[in-house]
Amino acid sequence: MQLILHFQSQPVLAKQSLCFSYPFVKTKTSLPSNLFAPKSPIFTIPLSRYHQIQTHNPILCARKNKRRNGSQRLTRLLLQLMPAIVSNFKILPQPLDLVVEEFCSGDGSGGRKSLLLFLLYGVLVICGLGLLFGGDVESNVLFCGLGFGLSGVAMVQWLDKIGIFAIFFGGVLLSRLVDFCTNSEARDLGYAKKVFQQISQPSVYIWNSMIRGYSNSENPVESLIMYREMLQRGYLPDNFTFPFVLKSCSVIADYRYGKCVHNCIVKTGYGLEVYGSTCLLRMYASCADMESALKVFDIIPKWNVVAWTSLISGFVNNSRAIEAIKVFKDMELHNVQPNEITMVHVVVACARSRDIDTGKLVHSRIRQLGFDPFGSSFNFNVVLATALLDMGSVQQMAQKNLVTWNSMISAYNQYGWAEEAIDLFSDMRIAGFVPDQTTFLGVIGACAQLGALAFGRSLHSYVSKTSMCKDTTIGTALVDMYAKIGDAGSARRIFENLQKKDVMAWTSMIICLATHGHGMEALHIFRKMQEDASVIPDQITYIGVLSACSHIGLVEEGQRHFASMVNLYGIKPTADHYCCMVDLLSRAGRFDEAMRLLEEMPIQPNVAVWGALLNGCEIHENVDLADQVRRYITEMEPHGSGVYVLLSNIYARAGRWQEVNRVRELMKNRNIAKNLGHSSVEMELLSS
DNA sequence: CTAGGGTTAG
């Protein structure tokens with residue numbers, strides 16, 4: 001079976017034909033199957049801007065055209081095809097010097113025929129046919145076809161120019177090949193590396209291709225290793241090298257390496273290059289050093305949109321949204337026209353700083369600039385739209401992508417509308433979107449809120465069958481979900497199986513144990529966490545630790561942890577921490593200390609803190625203190641019913657019914673209704 | 001062959 005493709009829309013190409021034949025694929029099983037199975041089942045070959053061939057398992061048997069004038073076109077075509085073909089077959093080219101040697105050792109004076117033979121042989125060597133498939137007759141035949149076809153074209157073009165021939169294949173083709181397998185859609189960096197290793201003296205361009213490929217890969221560290229090797233072997237990086245290297249530094253946030261690269265940029269004189277310096281800015285911003293980022297900004301030779309936008313995004317991503325907005329205003333003063341990307345960052349800045357007024361101004365500026373995705377049906381920018389959606393200035397979106405769905409699900413979660421979040425999840429699946437890690441983070445969180453046991457478990461089992469099961473964020477969400485559902489055992493198992501445990505993972509486990517009444521175990525986990533030098537407890541960790549202490553009544557231990565939180569880790573205690581401490585002390589009946597702590601508090605005690613104190617008063621029937629607390633509470637703004645109920649319970653217990661009535665009056669006057677308690681349990685229905 | 005974009009667990 002043979003398929004001949006004619007290119008008809010382009011007059012010159014119309015005369016050309018390429019044969020794509022399939023015979024060996026379907027009938028012969030002797031061929032290694034992976035040979036014909038590239039990453040995607042459909043193989044797309046870009047022929048020109050207007051032509052694309054989509055085919056399964058193509059084998060090229062290029063045929064030389066009879067008419068000479070078409071050959072140049074076909075050569076170019078083949079040049080475009082070669083990387084695709086060679087990389088599809090995972091053929092390793094031979095080192096250039098080896099090829100050159102082949103040519104030089106031939107009889108230079110020979111006639112045309114022997115020259116042709118040499119050329120043919122050269123191409124075969126380059127394709128490394130014997131190297132990979134020597135034993136297989138069918139594939140040899142096949143590759144002979146390939147080799148012959150290629151050489152046929154090459155012969156016409158380069159018949160008398162052996163020197164050029166060598167450069168042509170050594171320089172251009174290998175560059176194209178490396179480019180193709182590092183940066184095309186069907187890239188394969190493992191193969192790229194092998195090809196690269198065949199090149200004895202890679203040009204800077206090829207180095208750059210490799211570094212770029214790795215910088216966009218899963219392991220950007222590889223690009224840094226590549227870069228180091230480049231320097232060690234005495235190659236001089238150029239202005240293209242630095243952006244790629246710096247991108248890797250940014251992605252993995254390697255501050256020290258980034259600074260070394262900065263040094264190198266300065267030394268090689270590319271420090272004042274627009275691209276390079278903008279990348280430097282981003283690198284410092286990614287490494288959370290905004291001060292250096294600002295210094296770099298100052299030396300950027302031209303403050304264009306990208307430079308400004310990078311600075312804005314730096315502030316946004318370092319939780320300095322207000323400064324980001326300031327920079328944006330500055331940019332407007334400098335009369336630099338913002339683009340959609342700029343506005344995305346500014347919108348995020350408004351959302352993060354909860355600055356609704358500026359948010360409205362920004363939205364109208366977006367309209368003014370003509371970027372508003374909701375202003376007209378064309379020019380719909382999903383990213384900007386999602387950012388606006390997240391800021392809350394949009395209710396409905398007609399066009400959604402994965403991130404939009406995720407954003408909506410998490411927004412519903414934050415409003416506490418867990419059921420709606422789950423509904424949205426099923427809508428999204430009906431709409432044909434494949435949920436990703438962020439989606440699951442949201443839906444698992446919704447299950448945690450709802451206590452949706454069965455659905456939560458099904459999510460868990462789904463996730464464990466994917467690569468997400470190793471992910472720390474997913475694991476943490478699951479730990480929290482099981483904790484909230486009441487299944488501390490499952491939470492524990494997931495936690496133990498986590499390969500990497502970060503602060504959040506440890507913290508969620510500690511809080512889980514503390515809330516399930518396993519205070520000792522929670523503290524044990526905390527000690528294990530402290531043994532791990534790679535994690536530093538933060539304020540939320542200490543909420544768990546302190547509440548664990550308070551559950552088991554370890555006052556001194558709690559006080560020690562509180563002190564080390566402040567002195568060792570420099571964490572400023574929040575109202576929640578004081579709440580824990582007051583709870584700890586007043587449960588133990590140590591009211592003097594509790595009151596002293598309250599007086600020393602540098603922040604205003606909130607209702608929860610008073611509530612904790614009242615809780616202790618109830619346990620120890622300390623009505624006098626409760627009286628004092630009542631005075632504070634009545635001075636405060638009206639709030640939830642909790643403290644009033646506590647107060648009235650305390651008075652009731654002491655038999656002070658008048659006071660009970662006064663508290664109830666107070667509640668009535670302040671229009672506070674007692675919250676209805678509710679809980680839900682999911683039950684399995686057993687049949688027969 | 002080069003720089004900047006939305007969602008994200010405790």
Side-chain angles (χ1 to χ4, degrees), chain A residues 175-176 178-179 182-183 203-213 215 238-247 250 270 273-283 285 300 304-314 316-317 338-348 351 373 381-391 400-411 413-414 436-445 448 471-481 483-484 491 495 498 501-512 537-541 543-544:
Chain A
S175 294
R176 276 174 171 276
V178 172
D179 254 354
T182 52
N183 293 311
S203 63
V204 175
Y205 181 100
I206 293 179
W207 280 105
N208 288 349
S209 285
M210 288 303 292
I211 293 171
R212 169 161 69 139
S215 75
D238 65 4
N239 54 323
F240 292 103
T241 318
F242 293 114
F244 304 138
V245 178
L246 285 169
K247 183 174 184 186
S250 305
Y270 291 113
E273 211 255 336
V274 193
Y275 288 89
S277 48
T278 310
C279 287
L280 267 178
L281 163 55
R282 173 168 147 78
M283 184 276 294
I300 293 180
N304 59 19
V305 211
V306 182
W308 282 106
T309 307
S310 302
L311 188 61
I312 293 171
S313 93
V316 173
N317 295 322
N339 61 20
E340 280 156 293
I341 301 175
T342 319
M343 297 320 285
V344 167
H345 288 295
V346 179
V347 168
V348 173
N381 183 326
V382 204
V383 180
L384 187 53
T386 308
L388 286 167
L389 179 86
D390 194 59
M391 192 170 75
K400 306 179 191 75
N401 65 12
L402 185 60
V403 179
T404 318
W405 282 105
N406 289 346
S407 160
M408 284 164 65
I409 289 173
S410 71
N413 264 342
Q414 272 154 24
D436 70 350
Q437 181 191 316
T438 310
T439 321
F440 281 107
L441 289 178
V443 192
I444 293 170
D471 185 80
T472 309
T473 62
I474 287 284
T476 305
L478 285 170
V479 167
D480 181 59
M481 182 192 79
K484 297 234 170 79
F495 175 75
L498 277 181
K501 299 183 176 77
D502 62 6
V503 207
M504 287 197 182
W506 286 101
T507 303
S508 64
M509 195 62 234
I510 291 168
I511 290 178
C512 168
D538 64 10
Q539 39 168 330
I540 302 174
T541 317
I543 300 278

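Just so we're on the same page: letters track the sequence lines, and every chain starts at 1.
In this structure, CG on A:Leu246 lies 10.5 Å from CG on A:Leu281, to the nearest 0.5 angstrom.
No engagement by A:Asn183 is indicated, since no non-hydrogen atom pair under 4.0 Å with the nucleic acid exists. Contacts of A:Asn381 with the nucleic acid, taken as non-hydrogen atoms under 4.0 Å apart, include base atoms. Base contact: A:Thr541 has a heavy atom under 4.0 Å from a base atom. A:Val305 comes within contact range of at least one nucleobase, with a heavy-atom separation under 4.0 Å. Within the nucleic acid shown, A:Asp480 comes within 4.0 Å of sugar-phosphate atoms alone, with no base atom in reach, counting heavy atoms only. As judged by a 4.0 angstrom heavy-atom cut-off over every strand, A:Thr472 is placed among the base-contacting residues. Looking at heavy-atom distances under 4.0 Å, A:Gln539 makes no contact with the nucleic acid at all. In this structure, A:Asp471 reaches neither bases nor backbone, as no heavy-atom distance under 4.0 Å exists between it and the strands shown. Residue A:Asp179 is classed as having no contact, given no heavy-atom separation below 4.0 Å to the nucleic acid. Residue A:Val382 is classed as a base contact, given a heavy-atom separation below 4.0 Å to a base. Here A:Ser410 lies in heavy-atom contact (under 4.0 Å) with sugar-phosphate atoms only. Counting any heavy atom pair closer than 4.0 Å across all strands shown, A:Thr439 reaches no nucleic acid atom.
Listed by chain and residue number, A:Phe297, A:Trp303, A:His334 satisfy the ring pair (Phe, Tyr, Trp, His ring centres under 6.0 Å) test with A:Trp308 (two or more places apart in sequence, or in another chain). The side chain to side chain contact (heavy atoms under 4.5 Å, CB included) test applied to A:Ser407 returns A:Thr386, A:Leu389, A:Asp390, not counting sequence neighbours. With sequence neighbours left out, the side chain to side chain contact (heavy atoms under 4.5 Å, CB included) criterion links A:Met504 to A:Thr476, A:Asp502. In this structure, A:Asn183 has no side-chain hydrogen bond (donor to acceptor under 3.5 Å, both in side chains) partners at least two apart in sequence or on a different chain. In terms of the side chain to side chain contact (heavy atoms under 4.5 Å, CB included) criterion, A:Gln414 has no residue partners (sequence neighbours excluded).
Along DNA chain B, read 5' to 3', the first and last nucleotides having any atom under 4.0 Å from a heavy atom of chain A are B:dC1 to B:dG10.
By the 4.5 Å heavy-atom criterion applied to side chains, A:Asp538 and A:Thr541 are counted as neighbours.
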